[in-house]
Each structure stands twice: as C-alpha cells, then as structure tokens.
Amino acid sequence: MGIIPFLKVDKGLEPEKEGVQLMKPITDLTQTLEQAQKRNIFGTKMRSVIHAANPEGIKKIVDQQFEYGRQIADAGFVPILEPEVDITIPDKKEAEAILKDEIEKHLKDLPENELIMLKLSIPTVPGLYSEIMKDPHVVRVVALSGGYTREEANKKLAENPGLIASFSRALAEGLNANQTEEEFNKTMKHSVDAIFEASIK
C-alpha cells in the first residue's frame, strides 16, 4: 500500500530528574534491529520528555537520543528521534531554544551519509527548526500534537513551513466507540483533510 513501516523501540520513561524523563535502557536493541531487518522495517521511533528548560537535563536527553540513533542508523534504519517538550510548561520557549542548540551540535558530528528524522513539539517561536530542516542528515522534521486540540495544532503547524504533521491525539479527536462506520469515516476524513492542509502551508 506504499506505507513505510516504523518500529517503536523504546521501553518507556525513567522518573523525572533534572527536568527531563530519559528513556529506560533499551537493552535488547541489537536483537530487535536484527528482527526488524527481516521484516523490511524502514525506521524506528523512541520518545523522551522535557519538562523544564534545564540545560543539563536537555543535553542528556539529546545525547541519549543520538546515541541510540547512531546505533539504529548503523544497522541500516532511519531513526525518529523524539525529545518531546511538554506543551504545558511555562518555560517551553526557553526549553526549545536549548533543545535546538543541542540537536545542531550532534548533527555536525554525524557521518556524511547518516540519516535521521526528528519528531518535535510544535515550537513556540514559528520557524525555530527551519535551519535544522535544511541539514542534509535530516530526512524530515515532523510535529507531534502534544495535547493541543486539532484546531490549535493545525494553526501552529501552518505557522511553520516545512514542518509536517505526525499527530496521534489530534488525529483521533472526535472519534468514539459508539459511532457508526459512516460517522467514523466522516470524522476521520475531516481530521485528515484539515491536518494535511496545515502540513502543506
């Protein structure tokens, strides 16, 4: 069907420390990637969370994401690195500025042909990640809805040219188990159309 498969590889989050939640150790990553190679998996996904503009914590988050990302890329996959910034924190703008700087440091150290994707919260400052999108190592920068309503997420997404949607919570907004198939399809079509339009602006 032309759908590119991604595999979630993280094992969940550690308790919050230094304003962030690192990923739990991915102890079986080598074996998981060996199995993924047999199943034509294109890339992987792994999520950690930033709760405060703490430079030390954010550095550790990015270091961990890129450390696993390098291992995944070396095995022939395109990793999605997802250091999510909690959209509810009062210093979100500051946290995102630190995050951007740390990502750029790591991009400079990647081997020439190594490719990654980034899945990030929609930034407070429109266009914050524009330069990162131009980096030759970056296949795509995609946006997570992060708890914004679909309307809010779409509006913010449209303010960031080149940033495309990878929504789950906003995509599922309005769906419920009591809908008829017709109601479900109508709701889903409206959601997909609106998110698509916001992604191409």
Side-chain angles (χ1 to χ4, degrees), residues 3-13 20-24 26 29 32 36 41-51 57-73 77-89 92 95-107 110 114-148 150 152-154 156-173 191-192 195-196 198-200:
I3 298 171
I4 296 175
F6 285 85
L7 178 66
K8 177 179 167 64
V9 295
D10 70 73
K11 303 298 181 182
L13 300 171
V20 302
Q21 285 183 276
L22 293 168
M23 295 180 289
K24 293 178 179 178
I26 311 175
L29 183 57
T32 298
I41 299 297
F42 176 79
T44 63
K45 174 185 179 297
M46 49 191 179
R47 171 179 173 266
S48 43
V49 182
I50 296 167
H51 296 286
I58 293 173
K59 181 181 185 304
K60 289 178 181 178
I61 281 249
V62 178
D63 286 351
Q64 185 189 49
Q65 286 276 346
F66 272 88
E67 181 181 351
Y68 282 126
R70 292 287 297 274
Q71 184 178 344
I72 292 162
F77 303 95
V78 175
I80 297 178
L81 313 185
E82 185 180 354
E84 175 179 355
V85 178
D86 184 340
I87 66 168
T88 67
I89 61 175
K92 177 173 178 284
E96 289 166 341
I98 298 167
L99 174 63
K100 175 179 177 286
D101 288 345
E102 291 297 330
I103 290 172
E104 288 177 332
K105 290 175 187 176
H106 279 275
L107 289 175
L110 290 182
E114 196 154 294
L115 299 175
I116 66 164
M117 293 177 63
L118 290 159
K119 184 171 181 178
L120 305 171
S121 304
I122 305 173
T124 300
V125 177
L128 179 68
Y129 301 124
S130 294
E131 289 303 312
I132 288 176
M133 294 177 198
K134 298 175 186 176
D135 190 284
H137 299 99
V138 179
V139 177
R140 290 283 189 278
V141 180
V142 301
L144 55 94
S145 53
Y148 289 123
R150 184 169 61 242
E152 289 176 309
N154 286 343
K156 292 178 181 295
L157 183 65
E159 295 172 350
N160 288 270
L163 191 63
I164 60 174
S166 179
F167 295 169
S168 52
R169 282 165 281 191
L171 176 65
E173 184 181 309
S191 179
V192 170
I195 293 169
F196 174 75
S199 289
I200 63 173

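Keep in mind it's a predicted model, so treat the numbers as computed, not measured. Reckoned from all heavy atoms, side chains included, excluding hydrogens, waters and symmetry mates.
- Rounding to the nearest 0.5 Å gives a distance of 5.0 Å between CG of L13 and CD of Q21.
- Counting all heavy atoms, side chain and backbone alike, I61 lies closest to P83 at CG2-CB, 3.6 Å.
- Under the 30°/60° scheme for interplanar angles, the aromatic rings of F66 and H106 are found to lie parallel.
- The local environment of CZ in R140 is sparse, with at most 12 non-hydrogen atoms from other residues, nucleotides or ligands closer than 6.0 Å.
- Among E84, E82, K156, the single residue meeting the side chain to side chain contact (heavy atoms under 4.5 Å, CB included) criterion with S121 is E84.
- Using a 4.5 Å cut-off on side-chain heavy atoms (C-beta onward), I87 and I122 make no contact.
- Heavy-atom contacts from other residues, nucleotides or ligands closer than 6.0 Å to NZ of K59 number 12 or fewer.
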Discussion item. Could you go through L99 and V62, starting from their C-alpha distance and side-chain angles, then the distance that decides it, and tell me whether this counts as side chain to side chain contact (heavy atoms under 4.5 Å, CB included)?
Written reply: CA-CA 8 Å; L99 174 63; V62 178; 3.5 Å; yes
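- Here the closest non-hydrogen pair linking L7 and A36 is CD2-CB, 4.1 Å.
- With sequence neighbours left out, E104 forms a side-chain hydrogen bond (donor to acceptor under 3.5 Å, both in side chains) with K100.
- In terms of heavy-atom proximity, A143 sits nearest to L157 at CB-CD1, 3.9 Å.
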Discussion item. Could you go through L107 and I116, starting from their C-alpha distance and side-chain angles, then the distance that decides it, and tell me whether this counts as side chain to side chain contact (heavy atoms under 4.5 Å, CB included)?
Written reply: CA-CA 9 Å; L107 289 175; I116 66 164; 3.8 Å; yes
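- At distances below 3.5 Å, not a single donor-acceptor pair connects side-chain atoms of N154 with backbone N or O atoms of A198.
- No donor-acceptor pair closer than 3.5 Å links the side chain of Y129 to the backbone N or O of V141.
- Neither side chain, S191 nor E173, offers a donor N or O lying under 3.5 Å from an acceptor on the other.
- Rounding to the nearest 0.5 angstrom, the gap separating the CG atom in L144 from the OG atom in S168 is 7.5 Å.
- One distance of note links CD of E102 with CG of D63; it measures 6.5 Å at 0.5 Å rounding.
- Distance check, rounded to the nearest 0.5 Å: CD1 of I164 to CZ of F196 gives 10.5 Å.
- The CG atom of L115 sits 10.0 Å away from the CG atom of D135 when rounded to the nearest 0.5 Å.
- Residues N160 and P123 come closest through the heavy atom pair OD1-CG, 3.4 Å.
- Of the possible donor and acceptor atoms, none in the side chain of S145 sits under 3.5 Å from a partner among the backbone N and O of F167.
- Contact detail for V139 and M117: the closest heavy-atom pair is CB-CG, 3.8 Å.
- Separation of atoms CD1 (I26) and OG1 (T32) is listed at 8.5 Å; rounding is to 0.5 Å.
- The shortest heavy-atom contact between I89 and I50 is CD1-O, 4.2 Å.
- In terms of the side-chain hydrogen bond (donor to acceptor under 3.5 Å, both in side chains) criterion, residue partners of T124 (sequence neighbours excluded) are, by chain and number, K92, E96.
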